[in-house]
Amino acid sequence: MGNFLIRHAQSCIAALGKLCRHPIGSVLTIAVIGIALALPAGLSVVVRNGEAIAGNWETARDFSVYLKPGVSLASAEKLRDELAQTAGIAKVELISADTALSQFQATPTYDAVLAVLDDNPLPHTLVLRPEEAATTEAMTAIADELTERADVDLVQLDTEWVARLNAILDVARRSIWIAAVLLVGAVIVIVGNTIRLDIQHQRAEIEVAKLLGATDAFVRRPFLYTGFWYGLVGSLIALAVLALSLLLLSDPVARLSALYGGGFQPLGLDRDGAFTVLGGGLLAGLGGAWSAVARHLADIQPTV
Amino acid sequence: MMISFESVTKRYAGGRDGLSEVSLLIESGELAFITGHSGAGKSTLLKLIGLIERPTRGQVLMDGRNIGRLPRRAIPAHRRKIGMVFQDHKLLPDRSIFDNVSLPLIIAGMSRRDIEKRVRAALDQVSLLGREAHRPEMLSTGEQQRVGIARAVVSRPKLLIADEPTGNLDPALSLEIMLLFRRLNEVGVTTLIATHDIGLLDQLGGRRLMLDQGRLAADLQAH
């Protein structure tokens, strides 16, 4: 048993040594593997952040009720008090036309535009905040009811685009899975091909080893370990590429986040994600090596 | 190790007979030369022993065991019991002499310390101690063949087979290599050497098995 482990350790280290002795070919192969694995991992980080953003906005399901122009402030206040009693509504805020106008006037962009107008073009607006427990269906029902009213011009549900974002994220998640499967497949092919060339290159050596009584397992072992190292180093490169990309993005993302009122902490790859990249890389490396070994080693029989 | 052939025929794909109806017995510890023209079946006979080929008919027995019937997965273990020397010595050009000679021991799973001792002992037997770090191309043809022999005996097999080991060597070097085989045989290793160099054998003695067109034409005992 001890001998068995020592032989494996020797094979393992010897395979690494061989990769180091042919640095250019190894580096190219490993770089391709790293990039292939970094792509789906990077996309999944983007989606993870998208999920976090969607999650933030899910709780802010406020919707705005714009009243028809000409509806008096008194009836607007009456409607506000009515709605405040409605089940599922946590809070109703009335933004009167005058308040809205003064808010706009404070904004330099609109200041000049509003100055040329005689009348206040803005309607009274009610901002409804649903209760935490309120379902989307209940809110939609309230919104529909409000739309029917004669004094209501427009009801704008702010949740709609959150739902759309979620749908987009679903599409993105599925796409990433497909991309991941394809790219891991590509890694298997790349490793398989590299190892196939290795086997051809070492044909003489394999023949001699078989003549001297090497078992199939003995001949196979160094190639499998080569695949193992390709997978391991390739996935570590993928993680490094990802970390570097996130570092490069951190400043612009912080600025973007600040423009949206801050509070958003961009997420990196979590531990599970990192292990998935490592596991995927190892599996692809070993799988590629195994496929090459299974197809090409048996063909090599010593001839004297 | 005792070897016996019982009416062994080897027919190659294409219908050519490498060996036909050969029967012979080689006792344990014997030194025997297999002679004959090229194509007489010398290589075929050795290939059947090393299980590089399988007999078409008849039985090849080693210590009473029919090796023609060994399953594929038993071949590696079988070959590890035999030391093989080849005409072109089959050394790995990109490995040191030490690595080349140690290969059978690495395959057998021996520990590093034992390997070092054994390799040095084997190189000592072929008078190449001190050349461990060299690569095969830095050695002369005769020296390369001696490395091949060191590799064949390093795992201390009971049977040594050599196919035209002097095929690429001049007469003086050939005699040196043959004398080396005889020394190895004297410590009890059954030794089987295929050669077409009959002139050389007159200086060596030993049993001679003469093959002609796949048949055993003469069996001259040692004198």
Side-chain angles (χ1 to χ4, degrees), chain A residues 1-26 195 197-226 290 293-304, chain B residues 12 42-54 72-95 99-115 136 148 151-155 157 161-165 167 194:
Chain A
M1 190 61 197
N3 249 348
F4 177 79
L5 288 178
I6 287 166
R7 254 179 286 166
H8 270 270
Q10 281 170 346
S11 255
C12 184
I13 291 161
L16 182 62
K18 209 169 68 192
L19 291 184
C20 295
R21 278 197 299 279
H22 305 283
I24 294 173
S26 314
I195 303 245
L197 293 176
D198 274 2
I199 291 173
Q200 276 175 7
H201 202 72
Q202 291 178 44
R203 201 185 169 88
E205 201 170 329
I206 293 167
E207 277 189 21
V208 168
K210 284 194 173 181
L211 275 177
L212 298 178
T215 58
D216 287 347
F218 179 91
V219 177
R220 201 157 48 209
R221 209 174 291 141
F223 295 107
L224 293 182
Y225 274 112
T226 305
W290 189 272
V293 162
R295 267 181 305 153
H296 302 290
L297 270 192
D299 297 347
I300 301 177
Q301 287 301 335
T303 48
V304 181
Chain B
Y12 287 104
K42 307 188 294 289
S43 293
T44 302
L45 193 145
L46 295 184
K47 282 179 187 175
L48 289 173
I49 293 172
L51 278 183
I52 295 160
E53 298 288 352
R54 302 237 189 199
R72 216 185 84 84
R73 64 187 151 71
I75 293 177
H78 170 77
R79 287 194 187 138
R80 288 200 292 272
K81 287 188 245 162
I82 305 171
M84 288 194 231
V85 178
F86 312 95
Q87 178 170 359
D88 58 353
H89 49 71
K90 291 198 183 291
L91 299 178
L92 301 174
D94 57 344
R95 303 287 188 89
D99 286 349
N100 267 288
V101 175
S102 64
L103 191 52
L105 304 180
I106 290 171
I107 288 170
M110 197 177 274
S111 76
R112 194 80 206 165
R113 239 189 39 230
D114 293 345
I115 287 177
R151 185 181 64 185
V153 298
V154 75
S155 53
I161 60 179
D163 192 3
E164 298 281 3

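Letters A, B, ... mirror the listed sequences (proteins, then strands); counts begin at 1.
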Note to self: When you measure from the side chain of B:Arg151 to the backbone of B:Lys90, do you find a donor-acceptor pair of N or O atoms at a distance under 3.5 Å?
What the structure shows: yes

Note to self: Can you tell me which portion of B:Arg73 sits under 4.5 Å from chain A's heavy atoms? Options are side chain, backbone, both or neither.
What the structure shows: neither

Note to self: If I measure from the heavy atoms of chain A, does B:Ile106 come under 4.5 Å with its side chain, its backbone, both, or neither?
What the structure shows: both

Next item on the list: Using a cut-off of under 4.5 Å on heavy-atom pairs, state which of B:Lys81, B:Arg112, B:Arg79, B:His78 scores highest against chain A.
Entry: B:Arg79

Next item on the list: Can you spot which of B:Leu91, B:Val153, B:Val154 makes a side-chain contact (heavy atoms from CB on, under 4.5 Å) with B:Val101?
Entry: B:Val154

Notebook entry, point to check: Judged by atom type as modelled, is there a donor-acceptor pair below 3.5 Å linking the side chain of A:Thr215 to the main-chain atoms of A:Phe218?
Noted result: yes

Note to self: Can a donor-acceptor pair be found, under 3.5 Å and without considering hydrogens, that links the side chain of B:Asn100 to the backbone of B:Arg95?
What the structure shows: yes

